[in-house]
Each structure stands twice: as C-alpha cells, then as structure tokens.
Amino acid sequence: MDPLHRVALAERPAPPDDDPAWWRRAVIYQIYPRSFADGDGDGIGDLAGARRHLGYLAELGVDAIWFTPWYASPLADGGYDVADYRAIHPELGTLAEAEALIAEALALGIRTIVDIVPNHVSREHAWFRAALAAEPGSPERARFWFRDGAGPDGSVMPTAWTSPFAGPTWSRETRPDGTPGQWYLHLFSADQPDLDWDHPDVRREHEDVLRFWFDRGVGGVRIDSAALLVKDRALPEVPDAPGPGEHPHQDRDDLHDIYRGWRAVADSYPGTRVLVGELWLPDTERFVAYLRPDEMHTAFNFDFLARPWARDELRASIAQTLAAHAPVGAPSTWVLSNHDVTRPVTRYGRADSSFAFARKRTGVPTDLALGTHRARAAALLTAALPGSLYLYQGDELGLPEVEDLPERLRRDPMHERSGGVDPGREGCRVPLPWSGDAPPFGFSPEGARAEPWLPQPADWRSLTVEAQLADPDSLLQLYRAALARRRDDADLVGDDLHWLDLGPELLAFRRGRAFACLTNFARVPQPLPAGELLLASERLVDGELPPDSTAWIRLADPALAEP
Ligand code: GLC
Ligand code: MG
C-alpha cells in the first residue's frame with residue numbers, strides 16, 4: 001500500500017488506549033455478517049445492517065465484535081474462501097462502510113476483530129488464477145502445493161491425507177487442452193487451495209494484510225485454521241499416532257515463527273492489537289505454546305465447547321484450562337459455540353450433549369426446553385469465569401439450531417463432501433430475528449424485496465430481540481445483566497478462581513473476596529450458601545437453586561472458600 005494513504009489513515013480515531021489489557025477479560029461478540037442484519041433489503045445481512053445495530057451490542061455490554069470473513073469471495077465455504085483480503089464482498093458493502101463501521105463501533109467503546117484466513121485462498125484469488133494459467137515448476141505455482149501425481153499416468157494423488165471436510169485433500173487441474181495436469185493441495189474443499197508458507201511472498205503478503213486492517217483501526221485478528229499452515233515438505237502420510245510436532249500438516253514447530261512475526265506487526269501499532277487463534281489441538285501443552293508472550297494473545301477454548309453438560313466434565317475442563325494457561329501468563333477464553341457448531345440450546349437438550357464434528361447428525365431427539373434451561377445456566381457459568389468470553393450471535397437470544405432447512409439451500413461443503421451424512425453448518429447461521437410476529441422478523445427493512453437468504457422458522461416470534469427486551473425473564477435480559485455485573489463487579493476483575501466444595505452435584509467457585517457462582521447439576525433443587533442473591537438463571541424454589549440452573553451470590557461468609 002502506498003505510504004501516503006497510510007498517513008491519511010493514521011488520522012482516523014485510534015482505539016481507546018486507556019486499557020492496554022482490554023482483551024484479557026473482554027466479551028467478544030461474533031458476527032456472521034450475512035445473518036446478522038440486512039440493511040438494503042436483499043435478504044442478505046450486510047455492513048449497513050450491522051452499523052444500525054451497534055447500539056444493541058453496546059447495550060448488550062460487549063467489548064469487541066469479531067466479523068467472520070467479510071471479504072470478496074465466491075462463498076464456496078461461507079466466505080472462508082477469500083478472493084481478495086482487502087476488498088469487502090459487494091453483497092455486504094464497501095471498504096468505506098467497513099471503515100465507518102470500525103470507527104462508529106470504537107466511538108461506542110467496541111473494538112472490531114477481523115478474520116484472517118492464512119491457510120488457503122479461494123480458487124478465484126489472483127495468485128491461484130495465475131498459478132493455474134502458468135506451467136508446472138513456474139514461480140506462480142510455487143506459492144501453492146502443486147505436485148505431479150504418481151503412477152504411469154500421474155493419476156495417484158501425492159498423499160492420502162483426509163480433509164476435516166471429509167474426502168481427499170488433492171484435486172487435479174484440467175489443462176486448457178482438456179488433459180489432466182498437476183495436483184494441488186487443499187486441506188479443506190477443492191475451492192480452497194492451500195498456500196505454501198515456506199514461500200517468502202506468502203509471509204510478506206499476510207503481514208501486509210494485517211497492516212492493511214490495523215491501519216483501519218481494527219483491534220485484532222482472528223486467525224483461521226491457525227495450526228495447519230505449515231506442512232512437512234516431504235509429504236509423508238499421517239502416522240497412526242503422531243508424536244508432538246510429527247503430524248505432517250498440523251501443529252508443526254515452524255508455525256511459532258510465523259506468529260512471532262505477526263505479533264511483531266501487531267505490537268508495532270498503538271493500543272493492543274490482539275491475535276486470537278483458532279487452534280483445535282488435543283494437547284493442552286502444545287496449545288498454550290502458541291500463547292507465549294511473543295506469539296498470540298489468546299486462542300479459542302474448544303475443549304470447553306466440546307464438553308457435555310456434566311458437572312465433572314465442565315469442572316475438569318475449567319481446571320485444566322486454568323492450569324495450562326497459568327505458566328504462559330495468557331488468559332483463558334470461554335466459548336460455548338460459533339458458526340461451525342451446534343447451537344447450545346439444541347446441543348444441551350440432547351442425551352449426548354457433547355460436541356464433535358464427526359457425530360453431527362439430524363433427527364436426534366432434542367428437548368429444547370431442557371436445552372434452554374441449561375444454556376441459561378451455561379451463560380452465567382461462563383460469564384463468571386476469569387478470562388475472555390465469546391458470544392456467538394443469536395446465542396444471547398437462545399436460538400435453536402435450525403435442522404429442517406430445505407436441501408436446495410444447503411451449500412456447506414461439510415454437508416456435500418460427507419455425501420449428505422453431515423447436516424452441514426447452516427443450521428446455526430439462520431438470519432437473526434429482531435422484531436415482529438413473522439419472518440423476516442425485522443432482519444430486513446420493512447417492504448424488503450427479498451426473503452432472508454436462509455428461511456427463519458415461523459415460530460421465532462417469542463425469540464426476537466423486541467420480544468425479549470419486553471420480558472424481564474428472557475435470556476437476552478439475563479445476558480445483559482450478567483455482562484454488566486461481570487464488567488463492574490470488583491470481585492471479578494482478577495484472574496483468580498477458588499473451587500467451593502458443596503457436594504458432588506454443584507459446580508461452585510468463588511471469585512475475588514466473596515463472589516460465588518453455583519450451578520446445579522442435580523435433578524432436585526439444592527440449598528445455597530448464605531449470602532445475597534445477585535443473579536440467577538431461573539427463579540429460586542423456596543430459596544433453593546432449581547436443577548440445570550446457575551446462581552451468582554455474594555457470600556455472607558467468604559471464609560467458606562478458604563482452602
Ligand atoms: C475454520 C472456520 C470454518 C471454515 C474452515 C476453513 O474452521 O471456522 O468455518 O470452514 O476454517 O477455512
Ligand atoms: Mg443486504
């Protein structure tokens with residue numbers, strides 16, 4: 001980018017620099033822009049819609065918003081196939097609107113986090129188009145993983161690695177004369193060719209993309225598929241039980257150097273610009289290695305997200321998370337869901353309430369009333385934990401997963417590539433209900449020319465923002481009250497957590513001097529320790545905490561928690 005342009009941008013409002021540690025206990029709201037709010041009436045959420053609802057987010061009490069990719073893209077994977085990292089998708093708006101949005105959010109004290117997708121680009125990205133147009137062995141192809149196939153006619157793909165989207169990870173190009181040519185690697189779909197991170201252009205370009213967005217005032221970046229970028233150049237098969245750093249395309253040691261470079265870029269800006277990693281790694285030690293002081297700031301806690309609604313499971317996850325983060329000095333994150341997984345209200349309403357991509361199916365019996373009680377309890381439980389909190393749009397409204405979307409609208413490669421076995425991820429991406437009694441529930445402006453791009457269930461009337469603002473017992477009101485207290489309560493500012501032993505069916509801990517959070521996993525109400533009730537996810541029954549609910553109290557006797 002030309003330096004003059006950068007000078008002009010530097011005059012834009014900088015993030016509020018009053019708190020360089022803002023990210024350590026921030027509440028970050030995830031926006032899936034196509035489904036948040038539609039400003040121009042085409043049935044697709046956009047930046048105009050998001051700008052209109054910034055006040056809603058300020059009142060909800062969030063510190064930052066993370067936008068899933070808003071860039072130019074053919075949308076082969078919901079925007080995670082980026083054609084141009086410096087351009088906004090025309091259906092969502094313009095770069096000028098994104099800049100305005102970032103500034104308007106900042107004026108409300110809300111930072112913006114953008115999604116950076118470094119592992120792969122879209123087939124439509126200029127680099128990949130140039131690579132396909134060029135010959136084998138050309139510099140254009142060297143930014144990707146083009147390889148000849150094995151066998152006499154080159155028809156055997158270079159490795160048998162399988163994709164997280166099911167199926168093979170190599171596709172063969174068709175040459176202009178119609179003959180098959182080289183294979184290229186794509187850990188995800190064939191529309192998402194992987195970049196070769198050993199290539200200096202790839203590194204330079206991504207650091208420049210970071211600067212492009214930091215120059216526009218963003219408070220941080222979410223790093224997509226952050227553990228996958230580096231590959232073993234020898235392209236071996238995946239061993240049965242790879243030891244630390246031995247997997248050919250996951251969690252390789254050279255990744256750390258890449259993120260040290262990114263951290264240096266982030267640290268060269270005023271205020272704290274954060275790096276948030278998407279790292280699905282089973283080994284917590286390997287996971288927290290990415291959070292050393294000169295690497296990422298935080299990473300999503302998928303262990304917690306995947307746990308079932310069970311006291312010992314959640315307690316173990318919290319304890320392990322805190323213990324693993326302590327040595328690197330990074331705060332934990334708490335995540336109940338995102339745009340890839342089953343909505344909590346639905347997941348917690350099932351006999352098996354854990355999450356795993358491999359087990360996602362439709363038609364599983366679900367008790368939504370039970371799931372809603374648990375999601376309410378989980379909201380208070382997670383909001384009471386030390387560290388930062390992620391809230392996926394619509395979870396504050398208790399939206400269920402939409403499982404009966406028409407087949408013709410399902411475009412998720414997870415669905416297609418599984419041969420229809422995996423229902424796909426659109427069920428948690430249905431446009432939000434804002435107001436009114438019928439679709440589009442205020443998602444699009446009155447008199448809009450098009451219907452929402454994914455149909456909303458007709459019975460979402462009681463789940464709209466409007467309906468929930470009018471109901472003091474709604475989940476939205478519970479979230480607003482919880483986030484306000486989380487921000488202001490002096491007992492919640494530290495990083496401490498002290499377990500309270502109140503029997504095998506209560507998950508209970510103290511924060512600060514006398515704040516206690518208690519969740520009841522028993523089938524019957526449980527007595528609470530003496531104190532002042534601050535907030536509860538359900539009404540108490542004769543002074544006792546009902547099943548599947550959480551209470552926040554100020555303990556009358558803080559000594560209760562002494563070790
Ligand atoms: C991440 C994203 C997911 C996307 C994948 C490939 O897991 O969260 O939505 O499909 O990366 O980019
Ligand atoms: Mg629109």
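One-based numbering, in listed order, for ligands and for the atoms of each.
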Out of F357, Y32, F188, who is nearest to atom 5 (C) of ligand 1 when you count heavy atoms only? F188
Report the nearest protein non-hydrogen atom to atom 7 (O) of ligand 1: residue, atom name, distance rounded to 0.1 Å. E278 OE2, 2.7 Å
Output yes when R233 and D198 qualify as a salt bridge under the 4.0 Å nitrogen-oxygen rule, no when they do not. yes
Mind checking whether W280 has a heavy atom under 4.0 Å from ligand 1? no
Cut-off 3.5 Å, side chains only: do W23 and S388 have a donor facing an acceptor? no
Nearest non-hydrogen contact to atom 9 (O) of ligand 1 from the set D340, D412, T68 belongs to D340
Side chains of N301 and T333: do they bring a donor and an acceptor to under 3.5 Å? no
Going by the atom numbers of ligand 1, which of them fall below 4.0 Å from some non-hydrogen atom of F165? 10 (O)
Give the numbers and elements of all ligand 1 atoms closer than 4.0 Å to a heavy atom of H120. 6 (C), 12 (O)
Closest non-hydrogen protein atom to atom 11 (O) of ligand 1, residue and atom name please, with distance? D224 OD1, 2.8 Å
Can R86 and E205 be counted as an ion pair, charged N to O under 4.0 angstrom? yes
Decide whether D115 and W66 meet the rule of one side-chain donor and one side-chain acceptor closer than 3.5 Å. yes
Backbone or side-chain N/O/S of D42 under 2.8 Å of the Mg ion (ligand 2): yes
Between the side chains of Q182 and R141, does any donor sit under 3.5 Å from an acceptor? yes
So is M414 in contact with ligand 1, going by heavy-atom distances below 4.0 Å? no
Side-chain donor-acceptor pair under 3.5 Å between S189 and Q192, yes or no? yes
Could you tell me whether ligand 1 has any atom less than 4.0 Å away from a heavy atom of S225? yes
Could you list which atoms of ligand 1 come closer than 4.0 Å to a heavy atom of R425? 3 (C), 4 (C), 9 (O), 10 (O)
Inspect the surroundings of CZ in R260 and state if more than 12 heavy atoms from other residues, nucleotides or ligands are less than 6.0 Å away. yes
Provide the number and element of each atom of ligand 1 under 4.0 Å from a heavy atom of H339. 2 (C), 3 (C), 8 (O), 9 (O)
Under 3.5 Å, is there a donor-acceptor pair between the side chain of R374 and the main chain of Y348? yes
Counting backbone and side chain alike, does G45 bring an N/O/S atom below 2.8 Å of the Mg ion (ligand 2)? no
I want to know if ligand 1 touches R222 in the polar sense, i.e. an N/O pair below 3.5 angstrom. yes
What atoms of ligand 1 come within less than 4.0 Å of a heavy atom belonging to D77? 4 (C), 5 (C), 6 (C), 10 (O), 12 (O)
If the threshold is 4.0 Å, N to carboxylate O, is there a salt bridge linking D224 and R222? yes
